[in-house]
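For reference, the structure is listed below as structure tokens.
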Number of protein chains: 2
Amino acid sequence: MARKRVTLADVAAAAGVSPTTASLVLTGRGRELRISDIVQERVHAVSDELGYRPNIVSIGLSKGTTKTIGFVSDTVATSQLAGDMIRGALEAAQEHGYMLFIGETEGDAASERQLIDAMLDRQVDGVILASMFTRLRPLPSTLDGTAAVMLNALPVGASAVPSVVPDEYAAGRSAVRLLLEAGHRSVHLIGAGPGEHDVPPATVAGRERLAGIRDELASAGLAPASGWLCDAWLPPNGFAAVHDLLARDPTPRALICFNDRLAFGAYQALQEAGLRVPEDVSVVSFDNATLAEWLRPGLTTFGIPHEELGRRAVEVLLGMREKAEPAEASGSPVVHRLAMPLFGRGSVAAVAR
Amino acid sequence: MARKRVTLADVAAAAGVSPTTASLVLTGRGRELRISDIVQERVHAVSDELGYRPNIVSIGLSKGTTKTIGFVSDTVATSQLAGDMIRGALEAAQEHGYMLFIGETEGDAASERQLIDAMLDRQVDGVILASMFTRLRPLPSTLDGTAAVMLNALPVGASAVPSVVPDEYAAGRSAVRLLLEAGHRSVHLIGAGPGEHDVPPATVAGRERLAGIRDELASAGLAPASGWLCDAWLPPNGFAAVHDLLARDPTPRALICFNDRLAFGAYQALQEAGLRVPEDVSVVSFDNATLAEWLRPGLTTFGIPHEELGRRAVEVLLGMREKAEPAEASGSPVVHRLAMPLFGRGSVAAVAR
DNA sequence: TAGCGCTGCTAAGCCGATTTAGCACAGAGA
DNA sequence: TCTCTGTGCTAAATCGGCTTAGCAGCGCTA
């Protein structure tokens with residue numbers, strides 16, 4: 001069955017010219033090399049008729065470029081996030097005629113190395129190293145000499161690799177500002193805080209959100225009313241933290257949850273205590289998980305622009321390939337910070353007096 | 001910077017043999033073609049020392065196989081599901097030394113065609129056509145002559161392509177059996193039913209789940225107590241359906257929700273009506289979304305084995321490449337149905353008497 | 001001592017494109 | 001008539017590996 005692919009040689013034969021001529025015409029160098037209009041037209045016509053498409057593998061062999069990008073993610077555990085990030089990358093890649101190899105390491109260094117090798121064996125033009133939660137990560141040494149971009153992660157060590165991350169710090173400030181504008185002066189933190197070092201280890205997001213929160217509070221002459229550091233940021237943790245908070249302060253007015261799943265747990269605890277959102281308690285959160293929309297009332301949250309992050313990573317990577325080695329040239333690695341958009345729903349109200 | 005890749009020629013030169021010899025040794029045909037042990041050893045040593053890795057692009061050019069599979073999904077809207085499916089596919093592919101191209105069509109036929117072309121241009125060895133919800137879909141004609149497998153979708157038309165889908169029908173039967181064993185005799189359906197044709201259009205999952213449910217009820221001499229067909233299967237739909245149900249029957253005993261998001265809405269409606277899960281109402285559902293674990297009480301649900309589906313699709317695809325054209329040979333396309341595992345949590349209790 | 005078979009290795013072609021160098025022909029000028 | 005300059009096209013090398021066919025040298029037989 002398998003109809004054989006139409007090759008350049010087929011086109012050339014059918015048009016009665018040499019493969020060279022066909023190649024020149026189809027790569028747009030016909031005029032430059034003085035192929036007559038009649039022949040050019042004939043080649044194009046035959047090419048269309050036969051449905052010729054160049055074999056990228058072949059081009060890859062001689063040019064060393066395969067129009068392919070490797071996308072290495074460390075975990076797809078919280079895969080919804082990964083999906084959007086990949087989607088953005090995919091779209092940007094497709095727009096530029098690139099394809100994406102996807103690979104997953106589950107955080108294992110050996111399998112990361114293996115995966116990157118497999119990609120290099122296939123002559124990828126560049127590699128995106130994505131993390132599903134913002135963190136510091138080293139650049140694998142195999143990637144020396146290959147264009148690379150970190151996505152939702154920051155390079156550690158001397159490697160001068162550009163990175164693309166959400167602007168967590170700004171979002172932290174914005175979250176506080178939102179509550180201040182609603183008249184709140186007492187803000188409890190669920191998931192981290194109150195001190196600047198009270199964050200789960202290795203999460204850049206937590207550290208930067210907290211820094212933003214604390215700085216914005218400070219500029220209003222305030223400090224967190226309380227902070228509840230959690231090991232993990234899942235609903236049960238949020239539930240427990242708010243449960244504990246209510247034991248100390250039975251009528252909190254405003255919560256900032258460090259992510260939406262914590263907020264979900266917070267909702268549950270508040271509800272069981274007979275407190276209503278937002279009439280009794282305002283809640284602001286981060287991530288804009290799908291969940292945020294489904295809660296009743298809807299959760300006001302700062303979203304991670306996953307799709308935009310993925311898209312930007314691809315664009316940065318393709319940009320690198322044009323200029324020679326710009327990251328190293330400019331001395332220090334470039335960090336692209338993308339704004340986290342606010343999704344205002346029903347969970348914030350003016351403070352009750 | 002970019003250290004040049006080590007080629008076979010480099011290894012050969014360093015070992016003082018011809019490229020032919022090096023190739024034979026490294027592809028394991030050394031003994032067969034009588035290369036002396038001394039030379040074999042030397043070639044291997046040099047190869048290791050230089051860190052030689054064969055360039056798969058080159059092999060792809062001559063052999064036409066690139067150890068690469070294209071994974072085309074129609075939508076990543078509900079991307080968590082996609083993520084797990086892709087993860088399973090990824091793992092299986094990696095185990096066999098294959099890489100995955102990922103592409104997304106957003107359901108658009110033109111972009112699907114374009115994507116598949118882009119993959120064929122890169123000489124993929126096969127293509128997996130994945131849907132994020134089980135449905136019928138035609139096989140794009142460009143794929144004639146290429147190995148293909150449908151994932152979470154069934155081929156429509158004469159194309160003899162194997163497919164891998166969850167066994168929705170069996171899960172429907174199991175859901176009912178679970179309730180029957182708990183002593184329930186009155187079962188309300190949220191999302192579809194009561195009649196066998198009362199399903200949202202084009203969802204195979206709904207149709208098959210409903211068929212299983214109705215058949216199992218029938219074999220106990222029962223029929224659905226009521227059924228609430230919803231346009232979409234999102235929390236607000238579940239909320240509304242249960243709201244309506246309660247207007248007719250204020251004390252339902254058992255609900256089967258057609259997915260977890262409907263069940264989430266059902267929980268909310270039950271809660272607002274002062275009914276408790278599972279003491280007053282038992283709830284069974286399908287999908288095992290992450291959400292199911294977070295609800296209080298945890299939702300008892302039949303999960304879609306996404307990871308297993310993805311994995312199996314790859315295995316079926318790679319299996320096809322070994323035998324010639326087995327699907328067509330065997331006459332009718334093979335459908336692989338994978339069991340949907342039960343995740344028993346706290347939402348089902350023995351019927352109150 | 002020519003012929004045969006075996007051992008151990010290599011030359012050369014191929015996959016499908018791009019690219020460089022250059023060929024054949026026509027017309028113009030010396 | 002010979003050279004020179006364009007014009008229009010093509011041969012051949014290349015990318016990096018695999019594969020087929022075959023070569024050289026040796027010992028053994030007839």
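- The base of C:dA11 sits within donor-acceptor range of the side chain of B:Thr20, with an N or O pair under 3.5 Å.
- In this structure, A:Val39 reaches the sugar-phosphate backbone alone: every heavy-atom distance under 4.0 Å involves primed, P, OP1 or OP2 atoms, never a base.
- D:dT14 atom P lies 14 Å from atom CG of A:Leu61, rounded to whole Å.
- Here the side chain of B:Ser23 pairs no donor or acceptor atom with the backbone of B:Pro19 at under 3.5 angstrom.
- Rounded to an integer number of Å, the gap from NZ of A:Lys63 to P of D:dA13 is 21 Å.
- In this structure, CZ of A:Arg34 is placed 11 Å from C1' of C:dG22, rounded to the nearest angstrom.
- A:Val17 comes within 4.0 angstrom of sugar-phosphate atoms only, judged by non-hydrogen atoms across all strands, and of no base.
- Among the protein residues, A:Leu8 comes within range of the nucleic acid bases, having at least one heavy atom under 4.0 Å from a base atom.
- Taking 4.0 angstrom as the limit, B:Thr21 places a side-chain polar atom (N or O) nearer than this to OP1 or OP2 of C:dT10.
- The 5' end of DNA chain C is approached more closely, in terms of each residue's nearest nucleotide, by B:Ser36 than by the other of B:Gln123 and B:Ser36.
- Across the protein-nucleic acid pair, B:Ile38 atom CD1 and C:dT7 atom P stand 14 Å apart, rounded to whole Å.
- The CD1 atom of B:Ile56 sits 14 Å away from the C1' atom of D:dC18 (whole-angstrom rounding).
- With hydrogens and angles disregarded, no donor-acceptor distance shorter than 3.5 Å links the side chain of B:Arg312 to the backbone of B:Arg337.
- For the pair A:Arg53 and B:Ile35, both in contact range of DNA chain C, the more 5′-proximal nearest nucleotide belongs to B:Ile35.
- One finds a salt bridge joining B:Glu315 and B:Arg311 here, because a Lys/Arg side-chain nitrogen approaches an Asp/Glu carboxylate oxygen to under 4.0 Å.
- Proximity of B:Ser23 to the phosphate of D:dC18: a side-chain N or O atom is located under 4.0 Å from OP1 or OP2.
- Computed from coordinates, the B:Asn55 CG to C:dC15 C1' distance equals 13 Å when rounded to whole Å.
- Rounded to whole Å, atom P of C:dG16 lies 10 Å from atom OH of A:Tyr52.
- Between B:Arg29 and D:dT19 there is a side-chain N or O to OP1 or OP2 distance below 4.0 Å.
- Taking only side-chain nitrogens and oxygens, B:Ser18 never comes nearer than 4.0 Å to OP1 or OP2 of C:dC9.
- C:dT18 atom C1' lies 13 Å from atom CD of A:Glu32, rounded to whole Å.
- Atom CE in B:Met320 sits 10.0 Å away from atom OG1 in B:Thr146 (nearest 0.5 Å).
- The backbone N or O of B:Ser111 lies less than 3.5 Å from no partner atom in the side chain of B:Thr105, so there is not a single donor-acceptor pair.
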